[in-house]
2 protein chains.
Amino acid sequence: MLNIYDVSKQAGVSIATVSRVLNNSPHVSAKTKKLVMDVIAASGYVPNAFARGLGLRTMKTIGLLCPDASDPYLSSALSALEKAFRDNLYDCLLVCTGRQPSERDAGILSLSAHHVDGMVLMGSSFVSDVAVENAMILETADIPMAILNASLQAEHIYSARCDDFGATRDALLSLTQKGYSRPLYLYHALNYSGQQKFQGFHEGCHIAGIPESHVTTLLIPRENMTVAEVQRRVFALWQEGKRFDCVVTSDDILAVGALKTAGSMHLKVPGDLAIIGYNNSSICQCTSPELSSVDNRLEMLCQQIVNTMIGILQGQEMPREVVYSGKVIERGSSIAK
Amino acid sequence: MLNIYDVSKQAGVSIATVSRVLNNSPHVSAKTKKLVMDVIAASGYVPNAFARGLGLRTMKTIGLLCPDASDPYLSSALSALEKAFRDNLYDCLLVCTGRQPSERDAGILSLSAHHVDGMVLMGSSFVSDVAVENAMILETADIPMAILNASLQAEHIYSARCDDFGATRDALLSLTQKGYSRPLYLYHALNYSGQQKFQGFHEGCHIAGIPESHVTTLLIPRENMTVAEVQRRVFALWQEGKRFDCVVTSDDILAVGALKTAGSMHLKVPGDLAIIGYNNSSICQCTSPELSSVDNRLEMLCQQIVNTMIGILQGQEMPREVVYSGKVIERGSSIAK
DNA sequence: GGAGAAAATGTAAGCGGTTACAAATCCATT
DNA sequence: AATGGATTTGTAACCGCTTACATTTTCTCC
């Protein structure tokens with residue numbers, strides 16, 4: 001493998017000059033620059049990234065901590081983040097951690113060891129309700145961090161998130177405005193955004209003036225969140241005598257499960273039962289009727305995360321937290337009664 | 001930031017000894033080892049990865065070239081690959097390239113510049129029919145490469161793939177054995193695996209003795225492969241007078257589109273129309289009836305890719321190409337007439 | 001206790017770049 | 001042609017680690 005000496009020798013200049021050309025420093029004459037670039041092109045020389053990293057103390061790499069890359073929602077985020085970082089000439093190191101705090105911490109450690117310039121924590125799974133305990137671990141790594149879809153108070157931690165509270169409230173209200181009056185809320189976690197959604201749902205019920213007795217909620221833990229299992233549990237609820245005419249959920253999978261249960265409950269969707277999912281993922285178009293869902297602006301959030309991170313790395317001051325509004329996307333599953 | 005000198009000073013040993021402990025060389029006494037490890041733990045020292053990379057000429061990093069991380073199939077692969085590489089103490093650099101050869105090549109360049117130890121090309125999109133032209137570019141980077149789901153003849157290029165030919169043939173035959181006799185084949189690309197599937201489909205028709213006139217094929221290019229668009233095109237086919245009673249596809253999305261078109265064509269699924277998708281992705285359980293699909297053993301393939309790569313990096317001899325059989329997973333959409 | 005081999009440790013030369021600082025060159029003015 | 005400032009180039013120190021080789025220590029056995 002060629003190194004910078006080889007190039008400098010071939011070009012008849014010093015290594016400093018070659019280095020300057022490589023980093024296009026202004027202190028090189030146009031003539032020399034062209035000469036060196038020609039030699040580089042001809043020889044096929046590629047600078048050694050490790051040596052470069054040693055000297056510059058960065059390899060322009062961002063760590064992406066993803067609890068589950070196979071999750072459709074997170075994988076979209078992954079794609080968006082990677083693309084945006086690449087546009088800014090940063091490479092992305094991917095670590096799929098799982099959702100356990102210990103796994104998350106191991107991931108953070110691994111990324112620190114790799115000397116990334118910054119880290120993105122994807123998803124609020126990383127921030128449980130025990131925010132304080134969590135923050136400490138995150139703070140120890142003195143690297144800028146950005147969290148997608150959760151918020152955390154700490155010095156070098158930034159975040160971009162959707163107003164899940166407002167979006168879930170609006171989803172519920174869009175149903176009550178159409179005459180639905182006995183909501184069921186299906187949710188899978190109470191991490192940061194899970195809490196927001198949960199509270200937003202109840203806020204909506206409150207605004208719509210729905211009596212407590214007409215409100216049902218059902219937790220289906222993430223590890224049980226398969227279409228079949230959701231069907232089973234929703235149907236069980238129905239058999240217990242619980243009644244509902246509309247469903248708001250914290251995830252599209254839950255909504256698909258509810259939709260597929262409708263038949264067993266002898267309910268027509270929409271009409272007897274209206275359903276709204278969350279995330280507006282591609283499966284919304286796979287069902288019949290198609291699934292209404294909350295678009296939580298993933299693309300924008302990712303773009304924002306990248307902008308923030310790049311800004312920080314350039315030494316600019318950046319807002320600690322950015323919040324976008326979600327949007328209810330109406331499809332067949334939630335049209336009027 | 002602490003460096004190895006600080007640690008050596010604090011421990012009262014030379015930096016060589018610290019380095020030996022770090023790389024757990026056998027040439028350190030147990031006593032010294034413990035002493036140094038204690039100092040490291042107490043000080044919170046983390047070795048500089050760039051310096052380490054410079055000396056060792058590797059940072060134990062694998063490049064993952066993914067045409068589209070938001071694709072459910074590829075994101076599952078991503079997750080599986082990352083996990084398996086991590087288990088072998090390799091970090092993964094993710095590059096989402098898109099499917100254009102030029103994008104692919106830019107990705108390869110970017111990964112080369114980062115000095116990864118090996119690269120995985122995810123998916124046969126990277127290998128078009130112009131195999132020779134492609135191979136040349138791949139060969140220039142003198143880094144071990146592994147290709148998922150495609151095959152390519154070249155010195156340092158390895159591959160693990162599913163027998164897509166056989167799997168598609170079997171899918172078709174499973175339908176004809178149930179009495180279906182007028183197959184429609186929906187496909188989205190003719191890259192490496194696309195060709196295999198296409199030929200497998202025709203092979204199946206041949207074996208089943210289906211006359212040419214009863215066979216329909218329809219290409220729906222990947223960029224148009226949305227449920228709505230597939231519906232539109234399949235229905236258009238029907239209106240043109242083409243008739244079919246079963247559908248084999250190269251991707252689950254196509255199958256979902258076909259399934260959702262059945263209503264418009266006044267066909268009952270199954271019975272009037274049977275459908276089998278490809279990839280056995282999670283959307284198969286979102287539809288009613290649920291979608292039969294070909295499981296192409298993604299987990300195994302990924303595991304194999306990682307094993308091969310690790311083996312190569314350890315200097316072992318590894319098989320150039322490994323092929324697994326696919327499996328038709330029967331669900332509601334393809335039971336007997 | 002001392003010779004010799006084995007084990008542990010230290011010294012110093014890389015690895016391949018960046019960059020502060022020094023030196024050389026260039027150019028316009030006088 | 002000499003002067004002096006600006007521009008270009010070179011020299012060498014450094015980034016933090018690995019490792020070949022040299023040196024020291026430890027151990028074994030007579």
Side-chain angles (χ1 to χ4, degrees), chain A residues 1-40 43-61 89 91 112-117 142-143 313, chain B residues 1-40 43-61 89 91 112-117 142-143 313:
Chain A
M1 250 282 129
L2 295 173
N3 63 24
I4 200 170
Y5 283 93
D6 302 324
V7 174
S8 76
K9 219 164 293 169
Q10 254 184 69
V13 299
S14 74
I15 58 165
T17 300
V18 177
S19 176
R20 290 196 185 96
V21 171
L22 248 31
N23 298 284
N24 56 83
S25 142
H27 305 297
V28 190
S29 71
K31 197 187 335 173
T32 310
K33 184 168 181 175
K34 184 175 176 342
L35 168 66
V36 172
M37 297 224 294
D38 287 350
V39 171
I40 288 177
S43 66
Y45 161 72
V46 177
N48 181 300
F50 304 144
R52 212 147 198 243
L54 226 203
L56 296 173
R57 348 190 67 58
T58 165
M59 261 174 86
K60 303 219 12 154
T61 307
L89 302 177
D91 286 334
S112 308
H114 208 292
H115 277 230
V116 296
D117 297 295
D142 60 346
I143 290 179
L313 292 176
Chain B
M1 244 297 113
L2 295 173
N3 63 25
I4 200 170
Y5 284 94
D6 302 323
V7 174
S8 75
K9 219 165 293 167
Q10 256 185 67
V13 299
S14 75
I15 58 166
T17 300
V18 177
S19 176
R20 291 198 184 94
V21 171
L22 248 30
N23 297 286
N24 55 82
S25 141
H27 305 297
V28 190
S29 71
K31 196 186 335 171
T32 309
K33 184 167 181 175
K34 183 175 176 341
L35 167 66
V36 172
M37 298 225 292
D38 286 351
V39 171
I40 289 177
S43 66
Y45 162 74
V46 178
N48 182 299
F50 304 143
R52 208 145 202 248
L54 226 204
L56 295 172
R57 348 190 69 59
T58 166
M59 262 174 84
K60 300 211 36 149
T61 307
L89 302 177
D91 287 333
S112 308
H114 207 294
H115 276 230
V116 294
D117 298 296
D142 59 347
I143 289 179
L313 292 175

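In what follows, chains carry the letters A, B, and so on, assigned in the order in which the sequence lines appear, proteins first and then strands, with residues in each chain numbered from 1.
Pairing each heavy atom of B:Ser43 with each of B:Val7, the nearest pair is OG-CG2, 4.4 Å. The minimum heavy-atom distance between B:Ser19 and B:Ile4, with the atom names listed, is N-CD1, 3.8 Å. Here the shortest heavy-atom pairing between B:Asp38 and B:Lys34 reads OD2-NZ, 2.6 Å. The two residues B:Leu22 and B:Arg52 come nearest to each other via the heavy atoms O-NH2, 3.7 Å.
A:His27 places its NE2 atom 12 Å from the P atom of D:dT9, with the value rounded to the nearest Å. The CG-P distance, from A:Asp6 to C:dG16, rounds to 9 Å in whole Å. One interatomic measurement links the two molecules: CG of B:Asn24 to C1' of C:dA8, which rounds to 16 Å at whole-angstrom precision. Rounded to an integer number of Å, the gap from B:Met59 CE to C:dG16 C1' is 15 Å.
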Checking side-chain contact (heavy atoms from CB on, under 4.5 Å) for the pair B:Val116/B:Ile143: CA distance, chi angles, key distance, verdict? CA-CA 8 Å; B:Val116 294; B:Ile143 289 179; 4.3 Å; yes
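Residue-level contact check: A:Ser19 touches the bases, meaning some heavy atom is under 4.0 Å from a base atom. Within 4.0 Å (heavy atoms only), A:Val18 reaches no atom of the nucleic acid at all.
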Using a cutoff of under 3.5 Å, can you pull out all pairs of nitrogen or oxygen atoms linking the protein to nucleotides 13-16 of chain D, with atom names and distances?
unit_1	atom_1	unit_2	atom_2	d
D:dC15	O3'	A:Arg57	NH2	2.9
D:dG16	OP1	A:Arg57	NH2	2.8

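A:His114 and B:His114 have tilted rings, their planes meeting at an angle from 30° to 60° on a 0 to 90° scale.
Side-chain atoms of B:Arg20 lie closest to D:dC21 of the nucleotides C:dT18, D:dT8, D:dC21.
A donor-acceptor pair is defined here as one N or O able to donate and one able to accept, closer than 3.5 Å; such a pair exists between the side chain of A:Asp117 and the backbone of A:Lys60. Between the B:Asn3 side chain and the B:Asp6 main chain, a donor and an acceptor come within less than 3.5 Å of each other.
The nearest heavy atom of DNA chain D to A:Ala16 and to A:Pro26 marks one nucleotide each, and the one closer to the 5' end goes with A:Pro26.
Residues from residues 28-38 of chain B that place a heavy atom under 4.0 Å from any atom of DNA chain D: there are none.
In terms of the side chain to side chain donor-acceptor pair (under 3.5 Å) criterion, residue partners of B:Ser29 (sequence neighbours excluded) are, by chain and number, B:Thr32.
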